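A short worksheet on the structure shown next.
Worth knowing before you read on, the calculation uses all heavy atoms, side chains too, and leaves out hydrogens, waters and symmetry mates. First listed ligand is number 1; within each ligand, the first listed atom is number 1. Predicted model only: the values in this text are computed from it and were never measured.
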Amino acid sequence: MTQALIELSGLGFAWPGHAPLLDIPAFRLEPGETLFLKGPSGSGKTTLLGLLGGVQKPDRGSIRLLGQELTALSAGARDRFRVDHTGYIFQQFNLLPFLSVRENVELPCHFSRLRAARATQRHGSVDHAATALLAHLGLKDPQVLSRRADALSIGQQQRVAAARALIGQPELVIADEPTSALDADAREAFIKLLFAECREAGASLLFVSHDQSLAPLFDRNLSLAELNRAAVATEV
Ligand SMILES: Nc1ncnc2c1ncn2[C@@H]1O[C@H](COP(=O)(O)OP(=O)(O)OP(=O)(O)O)[C@@H](O)[C@H]1O
Ligand SMILES: [Mg+2]
């Protein structure tokens, strides 16, 4: 079997002072795969994404990303590993309001030499990489690229967040309900752009959403309750 992009086994997690939230015997995400993960509000989707990104540490079990055991790394080393290999699109986009569009997109390349090197190799410079990605995502106007991120529409912010996640070709793109603020047409158009960019970069996409209408676009669909034994205990 080829190496999984993500491989979880025997994962257990509880927020301090709370009942077990996640109990996941096994889960794999393959290189290049697009996965749609759904689950009710409060079921632990964002928590799981945080564990995969190495933001939180599980109470037990193993999380391998690209063969690297995340639980064996110090918090600082996990942060570096995450920024090298994972692009994250947050539900609220988390753009830095006082930075320009371009500066926001280039941010991961300031924290990761690997991503800066990949962006430069593919596009000649980090600047050119940002311009090209934003253009693919439909943001071409130079005036928009120098505008502060807090002066953008929601749809524009979302595309900037996607470009920031994609720059420097991380192997894993995680998207946590990134389409909830868009209408149906804009949603599907955005997903198609995201797929095209992930495919070109060979990235896997782990996409969390409540919106079942998007599910058929993905290689695989999964509900968190199918993975999570703790859900059976709490949701029935
Ligand atoms: N930092 C935290 N400290 C303590 N409990 C938390 C924390 N973050 C989340 N939780 C709890 O963990 C549970 C799962 O939350 P999580 O955000 O992972 O759910 P979700 O599936 O992403 O929900 P939604 O669809 O609403 O985004 C909830 O009961 C929540 O209150
Ligand atoms: Mg959530």
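- Taking atom 13 (C) of ligand 1 as the reference point, the nearest protein heavy-atom neighbour is G42 O, 3.6 Å.
- For the residue pair D211/S213, the side-chain donor-acceptor check at 3.5 Å is satisfied.
- Close N/O approach between S43 and ligand 1 is found [any backbone or side-chain N/O within under 3.5 Å].
- In this structure, a donor-acceptor pair under 3.5 Å is present between the side chains of R102 and T131.
- Within a 6.0 Å radius of CZ in R220, more than 12 heavy atoms belonging to other residues, nucleotides or ligands are found.
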- Derivation of the salt bridge (Lys or Arg N to Asp or Glu O under 4.0 Å) call for E30 and R28: CA-CA 6 Å; E30 305 302 331; R28 280 172 67 97; 2.9 Å; yes

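- Taking 4.5 Å as the limit, every side-chain heavy atom of V144 sits out of range of all side-chain heavy atoms of L134.
- The nearest protein atom to atom 25 (O) of ligand 1, hydrogens excluded, is given as K45 NZ, 2.7 Å; this is a heavy-atom distance.
- Residue T46: an N/O/S atom is found under 2.8 Å from the Mg ion (ligand 2).
- When the heavy atoms of L51, T47, L48 are ranked by distance to atom 16 (P) of ligand 1, first place goes to T47.
- Here P40 has backbone heavy atoms under 4.0 Å from ligand 1, and that is the only part of it that gets that close.
- In this structure, atom 30 (C) of ligand 1 has no protein heavy-atom contact shorter than 4.0 Å.
- At the top of the distance list for atom 17 (O) of ligand 1, counting protein heavy atoms only, stands T46 CB, 3.7 Å.
- Within the listing of ligand 1, atoms 25 (O) sit less than 4.0 angstrom from a heavy atom of H210.
- When distances from atom 3 (N) of ligand 1 to the protein are checked, a heavy atom turns up under 4.0 Å.
- Side-chain contact between F90 and D176 is absent, with no heavy atoms from C-beta onward closer than 4.5 Å.
- Within the 4.0 Å heavy-atom criterion, the part of L21 lying near ligand 1 is the side chain and not the backbone.
- Taking every non-hydrogen atom of E177 and a distance limit under 4.0 Å, the qualifying atoms of ligand 1 come out as 25 (O).
- Side-chain contact check for P40 versus L224: every heavy-atom pair is 4.5 Å or farther apart.
- Within the 4.5 Å cutoff, side-chain heavy atoms of F81 are placed close to those of L65.
- Classified by interplanar angle (parallel below 30°, tilted 30° to 60°, perpendicular above 60°), the ring pair F207/F36 is parallel.
- Among protein heavy atoms, the minimum distance from atom 10 (N) of ligand 1 is reached at W15 NE1, 3.2 Å.
- Among all non-hydrogen protein atoms, the one lying nearest atom 26 (O) of ligand 1 is S41 OG, 2.5 Å.
- In this structure, E69 contributes its side chain and I63 its backbone to a donor-acceptor pair below 3.5 Å.
- Ligand 1 is never approached by G39 to a heavy-atom distance shorter than 4.0 Å.
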